[in-house]
Amino acid sequence: MSTERPDVGLTRSRPRETDFKPGLALLLIGVAQLMVYLDTTIVNVALPHIQGALGFSGTGLEWVVNAYSVSFGGLLLLGGRFGDRFGRRTVFFVGVVVFATASLAGGLATSQAWLLAARAIQGAGAAIIAPTALSLVSTTFPEGRRRNRAMAVYSGATAVGGVVGLIAGGFLVSYLSWRGVLFVNVPIGLGLALGVRRAFPAPIRLRGRFDIPGAVTGTCGIAALVYGLSNAAGSVSGAANWGDAKISVPLGSAVALLIAFVVIEVRSREPLLPLRLFRDRNRSGAYLIMLCIGTAFYGMFFFLTIFLQDVWGYSALQTAAAYLPMLCTLLALSGACAALMPGTGPRPLLVTGAVVTAGGMLWISRITEHGNYFQGLLAPMMVAAVGLGMIFVPMNLVAVARVKAADSGVASSVLNAGEQVGGSIGLAVLGTVAWTVVANSIRGQLTAAPGPVTSQVYDQALVAGFARAFEIASCVVLLAGIIAAVFIRVTRDDKAGYSLPADD
């Protein structure tokens, strides 16, 4: 059982073992997390159909995706703190209802504004669900093997959610319509809402004032950061112009707002984000690792999906099927790492996983337009999946270890925010590098042999640009390994079930 002490200011003590059903709770957490993260990609497959149905322009269509990601990333801190303040079971239920209702509204949309509003509200629901789900893992499952197993489910659902979204999106668009990618969340959300009260203990509430200035500056700052990076990543025809007002203005605003947020949190008696969370070097290291993995992970899927469809000519369903072995490997390794944690601790797994993932991504960078899936891509994808599977469980466990119950929601939200911001950075920065190389390659080929831009010229340029993006992503993952080696320090006693005491 956990050694975590009840927190001063809570209306009830830590829930008893009989207050919840662990099996059902674990199922709901996994399904909810899968639903949130599959929605980051499931709509992508349907974008051409949405454009035809609702008449979106090319730039307007980007916001079917960006409305979700900006709302999701911007509201994560607030969503995590809501769980701490108003009870995690209650807030988790509210998040599920908001998400499912917005999905239903989006599926019924008959105009662009209607769909974009629904997608933004979906993102708000996701920002409530994701950190609350992780905090429920850390506060309701006893430390040791049971919490490790629960964390494996949470981590596996997070890691494979995007891939499942591509697969589900391909099937739904092919056999139903674009509306199916939104309607699919409705029965899932209904099932989750019905099971919440039976699965989890009664809510724990925290007395005190809510940090309104911190909530405003923090939420707006992260939203502006994700918005600016999303604009930078929006071009699929050339490198981002970082001097463009739609990029520089929100990024500059984000810097100012986030500086103001830190000043407010330092001075606040009851901050939205207690800065004491960052005093633990292990936790700070986990946050930095997530930022690096988000940068590389999102970039990898983005460029690999474009490569498969544009260069190798895969359909949406074929692209989804290509990711299936990677998905299964991630799930298997998440479970294996949960079993290994008590004996090894997180550091060896994190360092080894980073090196293996970096090697897999570097290997992927060697694919060519003349290659094929079984000889040129399957093996490096599996290597990268093995490495990523070794990272997610220990990283998530370290991030929520030694956190008081009163702060578990906001601690979880910082980890989720790191993933979202990292993903935005990856798409923006790696995209800038990739499309610059693509443009230079096309110019170089046309200089050597003047003529029109043929498919062969374009394919060769894409291969060159994406190879450079994968090489940089590989370096970013190696940086995550260095961070793990430097920051993560877990004692022998801590490894025994990985039960770290709560902070004072």
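Only heavy atoms go into these numbers, but all of them, side chains included; no hydrogens, no water, no symmetry mates. Count residues from 1 along the sequence.
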If every non-hydrogen atom of [X] is compared with every non-hydrogen atom of [Y], which pair is closest and at what distance?
X	Y	answer
Ala124	Leu75	CB-CD1, 3.6 Å
Pro131	Leu76	CD-CD2, 3.7 Å
Ala215	Leu78	CB-CD1, 3.5 Å
Val351	Ala484	CG2-CB, 3.9 Å
Ala296	Val477	CB-CG2, 3.5 Å
Val386	Leu333	O-CG, 3.8 Å

Can you tell if the side chain of [X] reaches within under 4.5 Å of the side chain of [Y], non-hydrogen atoms only?
X	Y	result
Leu330	Leu388	yes
Leu251	Leu225	yes
Val398	Arg347	no
Met361	Thr357	yes
Ser253	Val249	yes
Arg81	Ser413	no
Leu182	Ile42	no
Met390	Leu350	no

Using modelled atom types only, decide if a donor and an acceptor are shared between the side chain of [X] and the backbone of [Y] within a distance under 3.5 Å.
X	Y	result
Ser71	Ala67	no
Arg283	Leu277	yes
Arg281	Val486	yes
Ser474	Ala358	yes
Ser268	Ile264	no
Arg489	Ala485	yes
Ser135	Thr132	yes

Do any side-chain atoms of residues 98-105 form donor-acceptor pairs under 3.5 angstrom with protein atoms, and if so which ones, sequence neighbours left out?
from, atom 1, to, atom 2, distance (Å)
Thr101, OG1, Val97, O, 2.7
Ser103, OG, Phe99, O, 2.8
Ser103, OG, Gln122, NE2, 2.8
Ser103, OG, Asn185, ND2, 3.2

Fill in: salt bridge (charged side-chain N to carboxylate O under 4.0 Å, His left out) contacts in which one or both residues fall within residues 114-142, not counting sequence neighbours
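Every pair satisfying salt bridge (charged side-chain N to carboxylate O under 4.0 Å, His left out) with a residue in residues 114-142: Asp39-Arg119.
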
Discussion item. Let's go through Val414 and Leu77 carefully: what are the C-alpha distance in whole Å and the side-chain angles of both, what is the deciding distance for side chain to side chain contact (heavy atoms under 4.5 Å, CB included) to 0.1 Å, and is it a yes or a no?
Written reply: CA-CA 7 Å; Val414 175; Leu77 285 180; 3.8 Å; yes

Could you grab the distance from atom [atom1] of [X] to atom [atom2] of [Y], nearest 0.5 Å is fine?
X	Y	atom1	atom2	value
Glu265	Arg276	CD	CZ	11.0 Å
Ile121	Leu116	CD1	CG	11.0 Å
Leu275	Leu273	CG	CG	5.5 Å
Ile129	Asn416	CD1	CG	11.5 Å
Ile391	Phe297	CD1	CZ	10.0 Å
Ile29	Gln33	CD1	CD	9.0 Å

Please list, chain by chain and in numerical order, all residues satisfying ring-ring contact (aromatic ring centres under 6.0 Å, His included) with [X], sequence neighbours excluded.
X	result
Tyr68	Phe72
Phe261	none
Tyr323	Phe301

Can I get a per-line list of side-chain donor-acceptor pairs under 3.5 Å for residues 285-295, giving both atom names and the distance, sequence neighbours left out?
from, atom 1, to, atom 2, distance (Å)
Tyr287, OH, Ala411, O, 2.9
Thr295, OG1, Leu291, O, 2.8
Thr295, OG1, Gly422, O, 3.1

Practice prompt. Determine, step by step, whether Met35 and Leu192 satisfy the side chain to side chain contact (heavy atoms under 4.5 Å, CB included) criterion, reporting the C-alpha distance in whole Å, the side-chain angles of both residues, the deciding distance to 0.1 Å, and the verdict.
Written response: CA-CA 10 Å; Met35 180 179 71; Leu192 289 170; 3.9 Å; yes

Item to complete: Applying side chain to side chain contact (heavy atoms under 4.5 Å, CB included), run through Phe487 and Asn282 and close with a yes or a no.
Response: CA-CA 6 Å; Phe487 279 78; Asn282 294 308; over 6 Å; no

Worksheet entry | side chain to side chain contact (heavy atoms under 4.5 Å, CB included) assessment of Phe303 paired with Leu430 | CA-CA 9 Å; Phe303 292 114; Leu430 296 181; 3.8 Å; yes

